[in-house]
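Position 1 is the first residue of the sequence, and the numbers go up from there.
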Amino acid sequence: MDLGETIEDSYNIYAFQRFVFVKLDVQSSEKPKARSGHRVVCDERNLYSYGGFNPNIEANDPDMRNNLSWTDSRPLFKELWKFNFATRRWKRLPCQEIMPNELASNAVVLQGVFLLIHGGTGVPFGENRNNNVYICNVNNGEMHVIPANGDYPMPQYGQAVVCHGPYLYTVGGTTGLEYTCDIHRFDMRSQMWESVYICSGGDQCEPKGRYRHELAFDGKILYVLGGGTGFEAFGFMEIPAFDTSQRKWMTVRAQGDKGKHYPEARRCHGLVQYTDENTGATLVVISGGYNGTHVFRDIWRLDLSVLQWRCLLPCMLPQPTYFHSTTLTPAGQMFTFGGIVQHGNEVKRTDEVHSIWLTIPKLSEICWEALNFYCPNLKNKTSEDLIAMGIPLNFVRRFEYES
């Protein structure tokens, strides 16, 4: 085998097959059950899945007997899982005893090695809700609520959050009966909540209340993409936008693909955001979702610099999916896990992991994937062995070794 030719072939494949989903083969016997309403985030090494919901798993399911939290949390998953990209192995982190009971439709972000978790609901949905901020170290599973003061947001679920500097912004959500598009922010230095904007109907640009929307952020403007209520879903032609410096809502008009095509209105979709290294543009990719009658599998990209939508056909999710969660590695590889999928007239939850490259990877990433493909036993070697083989330390560190 000529490794140079293999790498060249791999590069041509990536250039041609960008926007093609690949199902990942899980290499561990332990793995999370099919679920929806969970949240995933990732770094360059691991995907982390928090919470979720599945009412169709039996109480005596043999695979759940070792999950001591299942009896109390069922049909919610009181779980934080880690999926290592290099080994393709799942591992459950030991933090169940200190996790909150509101485990569906939370908002989760990853800051370094810390998960920040806000909001969420238990079952029946809306009956128990949370407005705390929890922090969890993904290296060891240590988790606690952050003590806070100030003007808290009301306990809700289905809100969306972004981090900017020391602030965690939260937008919208529902109590199960009422829907808002209020904005609060949490200062992680002072541990104080602040009301940034409370929608009262005084400004015609205030958006309708919603949940299970997603946020894009360019460093100044928050863009609220989609979402809805139990009875309607919101579209993507006119986008509610909030100027965080002026604390003012506005409505911006996006440009359609080929001038007239836009994503259909939806909620419960996935979203990732990245920066194009060539142009510096901030790009947002949405996938799947649901409008109350139709489940989507299409993929759309929005260029925030010009507010231009583009449908990424022929790229589509493997099947129509909603209440899934998506995340993006620093290198530009998007992962999707779980959700409610539709096969013909059958609707069920899934435990599958799929990935897709949104950019052409760097040559080092292509080499790393080729090396793992042609040398599948690398994951069984020690870090010392891998370094001795000449593999760079930053890639060796992508392997997770059992303690």
Side-chain angles (χ1 to χ4, degrees), residues 1-18 20-32 40-50 79-95 110-115 136-142 272 274-275 277 327-337 351-403:
M1 177 183 67
D2 187 318
L3 185 59
E5 291 181 1
T6 299
I7 293 171
E8 182 179 357
D9 290 344
S10 298
Y11 186 84
N12 291 333
I13 290 172
Y14 279 113
F16 181 71
Q17 291 190 335
R18 190 165 57 125
V20 174
F21 275 98
V22 175
K23 180 182 176 181
L24 275 62
D25 294 324
V26 174
Q27 300 297 311
S28 57
S29 57
E30 184 186 36
K31 63 178 183 178
V40 300
V41 294
C42 75
D43 52 30
E44 66 180 7
R45 297 195 304 167
N46 299 305
L47 176 147
Y48 305 94
S49 175
Y50 181 86
E79 299 174 337
L80 175 61
W81 287 87
K82 174 171 64 176
F83 180 75
N84 182 245
F85 300 132
T87 64
R88 298 197 176 182
R89 293 171 180 163
W90 282 103
K91 180 180 179 181
R92 189 167 58 197
L93 296 178
C95 55
L110 181 64
Q111 293 289 96
V113 299
F114 295 102
L115 284 180
C136 179
N137 187 321
V138 296
N139 287 334
N140 55 27
E142 291 184 358
V272 297
Y274 65 101
T275 301
E277 291 190 354
T327 186
L328 187 72
T329 67
Q333 188 175 15
M334 186 176 89
F335 289 85
T336 177
F337 169 59
D351 62 357
E352 292 180 356
V353 181
H354 292 87
S355 74
I356 184 172
W357 283 95
L358 297 181
T359 63
I360 297 177
K362 293 181 179 179
L363 184 58
S364 60
E365 295 290 339
I366 296 175
C367 291
W368 174 241
E369 291 215 345
L371 188 62
N372 276 283
F373 179 80
Y374 290 105
C375 304
N377 291 325
L378 286 179
K379 59 180 174 290
N380 299 322
K381 296 184 179 295
T382 67
S383 57
E384 291 79 9
D385 290 338
L386 296 174
I387 292 172
M389 292 169 61
I391 298 177
L393 181 59
N394 61 312
F395 286 99
V396 172
R397 287 173 173 164
R398 293 193 183 184
F399 284 104
E400 289 282 340
Y401 295 97
E402 299 296 330
S403 55

Check step by step if ring pair (Phe, Tyr, Trp, His ring centres under 6.0 Å) holds for Phe83 and Tyr48.
CA-CA 6 Å; Phe83 180 75; Tyr48 305 94; over 10 Å; no
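- Residues Asp43 and Val113 are not in side-chain contact: their nearest non-hydrogen atoms beyond the backbone lie 4.5 Å or more apart.
- With rounding to the nearest 0.5 Å, the separation of CD1 in Ile391 from CZ in Arg397 is 14.0 Å.
- The aromatic rings of Trp90 and Phe337 are tilted relative to each other, their planes meeting at an angle between 30° and 60°.
- Note that the CZ atom of Arg92 and the OG atom of Ser28 stand 11.5 Å from one another [nearest 0.5 Å].
- One distance of note links CG of Leu110 with SG of Cys136; it measures 10.0 Å at 0.5 Å rounding.
- Between Arg45 and Glu400 there is a salt bridge, since a side-chain N of the basic residue sits under 4.0 Å from a carboxylate O of the acidic one.
- By the 30° and 60° cut-offs, the orientation of the rings of Trp368 relative to Phe395 is tilted.
- Between Lys379 and Phe399 the shortest side-chain heavy-atom distance falls below 4.5 Å.
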When you look at Glu365 and Arg398, which way does the salt bridge (charged side-chain N to carboxylate O under 4.0 Å, His left out) test go after all the steps?
CA-CA 12 Å; Glu365 295 290 339; Arg398 293 193 183 184; 2.7 Å; yes
Test salt bridge (charged side-chain N to carboxylate O under 4.0 Å, His left out) on Lys23 and Glu352; report intermediate values, then the result.
CA-CA 7 Å; Lys23 180 182 176 181; Glu352 292 180 356; 3.3 Å; yes
Residue pair Phe114, Glu142: steps toward the side-chain contact (heavy atoms from CB on, under 4.5 Å) verdict
CA-CA 10 Å; Phe114 295 102; Glu142 291 184 358; over 6 Å; no
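- Considering only heavy atoms from C-beta on, Met334 stays 4.5 Å or farther from His354 through its side chain.
- The OH atom of Tyr50 lies 8.0 Å from the CG atom of Leu80; values are rounded to the nearest 0.5 Å.
- Summarising the geometry, atom CG belonging to Leu47 is positioned 7.5 Å from atom CZ belonging to Phe335; distances are rounded to the nearest 0.5 Å.
- Here the shortest heavy-atom pairing between Thr359 and Ala331 reads OG1-O, 3.5 Å.
- Ile356 has its side chain out of reach of Val22: every pair of non-hydrogen atoms, C-beta onward, lies at least 4.5 Å apart.
- Between Val138 and Leu93, the shortest heavy-atom distance links the atoms O-CD1, 3.6 Å.
- The shortest heavy-atom contact between Ser383 and Val396 is CB-CG1, 3.8 Å.
- Glu44 and Thr329 form no side-chain donor-acceptor contact under 3.5 Å, judged by distance and modelled atom types alone.
- Rounded to the nearest 0.5 Å, atoms CG (Asn372) and CZ (Arg88) are 8.5 Å apart.
- Checked for salt-bridge contact, Lys31 and Glu79 miss the test: no charged N lies under 4.0 Å from a carboxylate O.
- The closest side-chain heavy-atom distance from Thr336 to Phe21 is below 4.5 Å.
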